[in-house]
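Everything on this sheet refers to the single structure shown next.
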Amino acid sequence: MTVAVAADNAGVELKKLLAEQLEGDSRVGEVLDYGVHDDSDDRAYPRLGLAAAEAVARGEADRAVLVCGTGIGMCVSANKVEGVRATVAHDSYSAERSIKSNDCQVLTMGARVIGPELARRLVDEWLGYSFDPSSASAAKVAYITDYEHQS
Ligand SMILES: O=C[C@H](O)[C@H](O)COP(=O)(O)O
């Protein structure tokens, strides 16, 4: 699995922790870091989030973990990329269902909302989930995809 990561300067320290965790996880073959790399870089979250989400849309990354102050801006940005489904999740159930119900490829979190240890736990759990295309959820996700293609 290739995972893209990105953060603005509000989320960069948490992103660094999560990227290090991903690099050490046997389920992850490669981590693509779209920056920022330190808090002196004040590029706005949409720039970073869109770059990572576009990598997912191109198939260069299977998933992405995006971090900003709340996770919301990164989520809104990533969802603007066709074919990408992103969610903010700060609890185990939402992280699980974001994949099992919604087939989301992108998990966003807020460094001003969640602590590092819970964030690390959620990412660990999230890596283990997969979407079942034969599930009842698949038709619901297909409705979203069909709508996206109409517009
Ligand atoms: O969603 C936005 C993020 O939380 C970002 O880190 C902060 O954005 P702001 O500076 O516009 O509040």
Side-chain angles (χ1 to χ4, degrees), residues 1-25 27-28 30-131 137 140-141 143-145 147-151:
M1 181 189 312
T2 298
V3 181
V5 296
D8 65 0
N9 55 11
V12 63
E13 293 308 317
L14 179 55
K15 187 262 286 185
K16 286 179 182 175
L17 287 176
L18 298 177
E20 183 178 350
Q21 176 183 341
L22 290 164
E23 285 159 354
D25 193 301
R27 296 168 291 185
V28 179
E30 185 178 13
V31 176
L32 303 175
D33 191 335
Y34 286 85
V36 302
H37 301 290
D38 60 68
D39 59 13
S40 66
D41 185 336
D42 62 358
R43 282 180 289 169
Y45 60 85
R47 290 183 62 180
L48 291 310
L50 286 166
E54 288 168 350
V56 172
R58 290 192 302 267
E60 294 167 9
D62 301 292
R63 294 194 185 179
V65 176
L66 309 177
V67 187
C68 57
T70 60
I72 298 168
M74 284 294 198
C75 184
V76 170
S77 302
N79 276 309
K80 296 299 181 184
V81 179
E82 183 173 350
V84 173
R85 287 173 299 282
T87 186
V88 179
H90 293 132
D91 65 275
S92 284
Y93 186 71
S94 297
E96 177 186 357
R97 299 315 308 180
S98 75
I99 293 186
K100 291 184 176 179
S101 294
N102 313 109
D103 194 16
C104 287
Q105 310 98 332
V106 179
L107 172 64
T108 79
M109 289 191 273
R112 294 171 180 155
V113 176
I114 191 171
E117 289 312 311
L118 179 54
R120 287 165 52 84
R121 177 177 295 199
L122 293 185
V123 167
D124 179 58
E125 294 171 352
W126 176 78
L127 287 171
Y129 301 130
S130 59
F131 182 72
S137 298
K140 302 168 192 176
V141 176
Y143 194 98
I144 298 170
T145 303
Y147 177 84
E148 194 171 43
H149 291 156
Q150 289 168 11
S151 54

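Sequential numbering from 1 along the given sequence is applied to the chain's residues. Remember, it's 1-based here, ligands and their atoms both numbered in the order they're listed.
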> With sequence neighbours excluded, what pairs up with A57 under the side-chain contact (heavy atoms from CB on, under 4.5 Å) test?
Replying inline: V81, V84
> Which residue pairs pass the side-chain hydrogen bond (donor to acceptor under 3.5 Å, both in side chains) test with at least one member in residues 44-56, sequence neighbours excluded?
Replying inline: none
> Only one of L66, V3, N79 clears side chain to side chain contact (heavy atoms under 4.5 Å, CB included) with V106; which?
Replying inline: L66
> So, K16 and D33, do they make that salt bridge, N to O below 4.0 Å?
Replying inline: no
> Within a strict 4.5 Å, meaning less than it, do heavy atoms of the L18 and V5 side chains meet?
Replying inline: no
Please list every donor-acceptor pair under 3.5 Å in which a side-chain atom of residues 87-97 meets a protein atom from a residue at least two apart or in another chain.
residue	atom	partner	partner atom	Å
H90	NE2	G110	N	2.9
D91	OD1	S94	OG	2.7
D91	OD2	Y93	N	3.1
D91	OD2	S94	N	2.7
D91	OD2	S94	OG	3.1
S92	OG	E125	OE1	2.7
S92	OG	E125	OE2	3.4
E96	OE2	K100	NZ	2.9
R97	NE	S101	OG	2.9
R97	NH2	S101	OG	3.0

Give every pair made of an N or O atom of ligand 1 and a protein N or O atom lying under 3.5 Å apart, one pair per line with both atom names and the distance to 0.1 Å, or write 'none'.
residue	atom	partner	partner atom	Å
ligand 1	1 (O)	T70	OG1	3.4
ligand 1	1 (O)	G73	N	2.9
ligand 1	4 (O)	G69	N	3.2
ligand 1	4 (O)	T70	N	3.0
ligand 1	4 (O)	T70	OG1	3.3
ligand 1	6 (O)	D8	OD2	2.6
ligand 1	6 (O)	G69	N	2.9

